[in-house]
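Inspection log for the structure reproduced underneath, given as structure tokens.
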There are 2 protein chains.
Amino acid sequence: MYNQEALVNRLHARGIRVTPQRAMILRAVEAMPGHVTAEELYAAVQAESPYVNLATVYRTLDLLKSLDLITDADMGTGATHYALRSHADHHHAICRACRHSVEFPDHLLSGLIHDLHTGYGFEAEANHIVVFGLCAACAKIEELHSSPA
Amino acid sequence: MYNQEALVNRLHARGIRVTPQRAMILRAVEAMPGHVTAEELYAAVQAESPYVNLATVYRTLDLLKSLDLITDADMGTGATHYALRSHADHHHAICRACRHSVEFPDHLLSGLIHDLHTGYGFEAEANHIVVFGLCAACAKIEELHSSPA
DNA sequence: TTGCAAATGCGAATGATTTGCAGCAAATTG
DNA sequence: CAATTTGCTGCAAATCATTCGCATTTGCAA
Ligand SMILES: [Mn+2]
Ligand SMILES: [Mn+2]
Ligand SMILES: [Zn+2]
Ligand SMILES: [Zn+2]
């Protein structure tokens, strides 16, 4: 867990300009609980200053992504969800029927990541990924639908 | 490996209408090598008959997906890639830098799938998935960029 | 046949993300 | 410093895959 101004400091450290817009966006990212869409961040930042553009939010998110300070994930809602790297000590299993999400720990992926690395030299960037499928409850329901004989 | 009319027969068997459009689209799906976008299928079908609409291609793909006869995957190109279920005995590791794709066998996911099932009752639908990251070559290049000291 | 649910074509709409560009601000240079 | 280059921003327009509304057919069963 790092302090509130961590992202700002990191950008400074790498010699990247920290404009007022960026500072606001970074603070908004850090203040967000869990995953956020660009639109949600935009709303949060607008509350502080109405003169920040959505395009700038996207551009800043791209920047943070390229610096590996945030993760992005498609949670199946249409919009990309962003989160701090420090958030991502887990992954998500999302039910395609009821949309419920189960968090599962990082180590469940360690086997796959290891195999990809030793087998193919591939460095998987599986920081905060999403696996789709059916939750226990919805799986039961689908079962009834397919074999009611 | 099943015969050319397999999909048509399967739809018949389930009492689903097989219109000329659907038949053409199904045959195009079966004739395609590997993964295809809706647009590519559309082009293939148009070559046979110009009066098939792109919306119908999408609707038919939805149908096939709901019947679990095809898989869909985001290969990072913007458009969804569809493939026959019979194609999907593997998955892909795609390099975010050079875009190269490595196929890896299904069993590398078996641990994860098993753990999700026993641990959470979650039935992962990981038939033809994509893991992003860096291939061996591009990983070396990134290494130089970050630690040239 | 007749009737109705399902399927299609067409064009318009959607909605997240990107881009072109002109104005500004910060950094760099001599 | 003043001049010049470089990077960042707002704004509006563009992209582009996918979906929708709706009027028109089609398939199949009574
Ligand atoms: Mn999460
Ligand atoms: Mn494949
Ligand atoms: Zn569910
Ligand atoms: Zn590569």
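Every chain is numbered from 1 and lettered A, B, ... according to where its sequence line falls, protein lines coming before strand lines. Here the structure is a predicted model, which means the values were calculated and not measured.
- Applying the 4.0 Å criterion to OP1 and OP2 of D:dT18, one finds that B:Y58 has a side-chain N or O inside that range.
- At a cut-off of 3.5 angstrom, the base of D:dG7 holds no donor-acceptor pair with the side chain of A:R59.
- If B:D62 and A:R17 are placed on DNA chain D by their nearest nucleotide, the residue sitting closer to the 5' end is A:R17.
- Here the side chains of A:L26 and A:L64 are in contact, with some heavy-atom distance below 4.5 Å.
- Counting to the nearest Å, the P atom of D:dG10 and the CD1 atom of A:I25 are 8 Å from each other.
- For the side-chain contact (heavy atoms from CB on, under 4.5 Å) test with B:T71, the passing option among B:H87, B:H81, B:H128 is B:H128; the others fail.
- Residue A:R22 has a polar side-chain atom (N or O) positioned under 4.0 Å from OP1 or OP2 of D:dT9.
- Relative to the side chain of A:A55, the nucleotides C:dA16, D:dT6, D:dC11 differ in distance, and D:dC11 lies closest.
- Neither OP1 nor OP2 of D:dA17 sits under 4.0 Å from any side-chain N or O of B:T80.
- Across C:dT17, D:dG10, C:dA27, the shortest atom-to-atom separation from the side chain of A:N53 is found for D:dG10.
- Distance CG/B:D106 to NE2/B:H90: 10.0 Å, rounded to 0.5 Å.
- Within the structure, every side-chain polar atom (N or O) of B:T19 is placed at least 4.0 Å from both OP1 and OP2 of D:dG27.
- Regarding contacts with the backbone of C:dG9, a side-chain N or O of B:Q21 is found under 4.0 angstrom from either OP1 or OP2.
- For the pair B:P20 and B:G78, both in contact range of DNA chain D, the more 5′-proximal nearest nucleotide belongs to B:G78.
- Using a cutoff of 4.0 Å between basic side-chain nitrogens and carboxylate oxygens, B:E123 and A:K140 are not scored as salt-bridged.
- At D:dG10, one or more side-chain N or O atoms of A:T56 fall inside 4.0 Å of OP1 or OP2 (strictly under the cut-off).
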